[in-house]
*Asks:* 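Quick one: this structure, given as structure tokens, is what I'll be asking you about.
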Amino acid sequence: MFLKNLLKYRDAKNIVFKKLDELIHNNYKRINIIDSWNKISFEDIVAPENLPMFDKSAMDGYALIAKDTFGASENNPIILNLVEEGNLIQSNECMKVSTGMAIPNGGNAVVMKEYCIEGDNFVEIRKGVYPYENVSKIGEDVNKGEIIIKKGEIITPYHIALLSSLGIKDIK
């Protein structure tokens, strides 16, 4: 007889969450992301920018135009001019890049340094690459406008790193 008077789980859950919403409605604190670990997000947090914000190198090596490397191998290295200044790569040119650096304009791939031999003003490329190989493209991790933390979600160290990467300093 007593069991007949019990609420269904779903109904009880809805009542609790409705009361919780009434209790916390417009009742929040704005805090620095460093102090947000294990706190609950008051609202959906949307990415204000793409991440990465630019095409960047995923490896240490040489940024170049992929088609310039087609056919390159140990026995048939392709020689490209090494450009050290500026932010533009043209055909038959390459530029030294480190992991995380922006890909220079005109470039669309990175050959890992392990497959290259650098000379004074040139680089021997010993392995071909396809377009965007070893490149992290704009928005590959997060797209502008994407919800990165949902309302009611518990903030983790991952979220804090993501917020920091996007330049978000404090949250509700």
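Positions are given from 1 along the sequence.
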*Asks:* Kindly give the cluster partners of Tyr130, where membership spreads through any ILVMFWY side chain lying under 4.5 Å from a current member.
*Replies:* none
*Asks:* Taking ILVMFWY side chains as joined if any heavy atoms are under 4.5 angstrom apart, and letting links pass through other members, which residues group with Val83?
*Replies:* Ile65, Ile89, Met95
*Asks:* Is any side-chain heavy atom of Lys39 closer than 4.5 Å to a side-chain heavy atom of Ile31?
*Replies:* yes
*Asks:* Could you tell me the separation between the CD1 atom of Ile117 and the CZ atom of Phe122, rounded to the nearest 0.5 Å?
*Replies:* 9.0 Å
*Asks:* Could you measure the distance from the OG atom of Ser91 to the CG atom of Leu64? Nearest 0.5 Å is fine.
*Replies:* 10.5 Å
*Asks:* If the condition is side-chain hydrogen bond (donor to acceptor under 3.5 Å, both in side chains), which residues does Arg30 pass it with, not counting sequence neighbours?
*Replies:* Asp170
*Asks:* May I ask you to test the Ile45-Ile171 pair for a side-chain heavy-atom distance under 4.5 Å?
*Replies:* yes
*Asks:* Please round to the nearest 0.5 Å and tell me the distance separating atom OG of Ser73 and atom NZ of Lys127.
*Replies:* 11.5 Å
*Asks:* Can you tell me which residue pairs pass the side chain to side chain donor-acceptor pair (under 3.5 Å) test with a partner in residues 44-66, sequence neighbours excluded?
*Replies:* Asp60-Thr99, Tyr62-Glu118
*Asks:* Please confirm whether the backbone N or O of Gly71 pairs with a side-chain atom of Asn76, one donor and one acceptor, at under 3.5 Å?
*Replies:* yes
*Asks:* Would you say Asp141 and Pro52 make side-chain contact, with heavy atoms under 4.5 Å?
*Replies:* yes
*Asks:* Any pair with a residue in residues 157-169 that passes salt bridge (charged side-chain N to carboxylate O under 4.0 Å, His left out), sequence neighbours left out, goes on the list, sorted by first then second residue, please.
*Replies:* none
*Asks:* Just jot down the salt bridge (Lys or Arg N to Asp or Glu O under 4.0 Å) partners of Glu93, sequence neighbours excluded, or say none.
*Replies:* none
*Asks:* Show every donor-acceptor pair shorter than 3.5 Å between a side-chain atom in residues 148-164 and any protein atom, with sequence neighbours excluded, or say none if there are none.
*Replies:*
unit_1	atom_1	unit_2	atom_2	d
Glu153	OE1	Lys150	N	2.9
Glu153	OE2	His159	NE2	3.3
Thr156	OG1	Tyr158	N	3.4
Thr156	OG1	His159	N	3.3
Thr156	OG1	His159	ND1	3.0
His159	ND1	Thr156	N	3.0

*Asks:* Test question: given the 4.5 Å side-chain rule for I, L, V, M, F, W and Y, name all other residues clustered with Val46, or answer none.
*Replies:* Ile147
*Asks:* Report all side-chain donor-acceptor pairs from residues 102-113 shorter than 3.5 Å, counting only partners two or more places apart or in another chain.
*Replies:*
unit_1	atom_1	unit_2	atom_2	d
Asn108	OD1	Ala66	N	2.7

*Asks:* Enumerate the residue pairs fulfilling salt bridge (charged side-chain N to carboxylate O under 4.0 Å, His left out) with a member in residues 102-111, sequence neighbours excluded, ordered by first and then second residue.
*Replies:* none
*Asks:* Give the other cluster members for Phe42, using side-chain heavy-atom distances under 4.5 Å between Ile, Leu, Val, Met, Phe, Trp and Tyr residues; answer none if it is isolated.
*Replies:* Tyr28
*Asks:* What verdict does the side-chain contact (heavy atoms from CB on, under 4.5 Å) test give for Leu82 and Cys94, after you've listed the backbone C-alpha separation in whole Å, the side-chain angles of each residue and the deciding distance to 0.1 Å?
*Replies:* CA-CA 5 Å; Leu82 180 60; Cys94 64; 4.1 Å; yes
*Asks:* Would you list the pairs meeting salt bridge (charged side-chain N to carboxylate O under 4.0 Å, His left out) in which at least one residue belongs to residues 67-77, sequence neighbours left out?
*Replies:* Glu74-Arg126
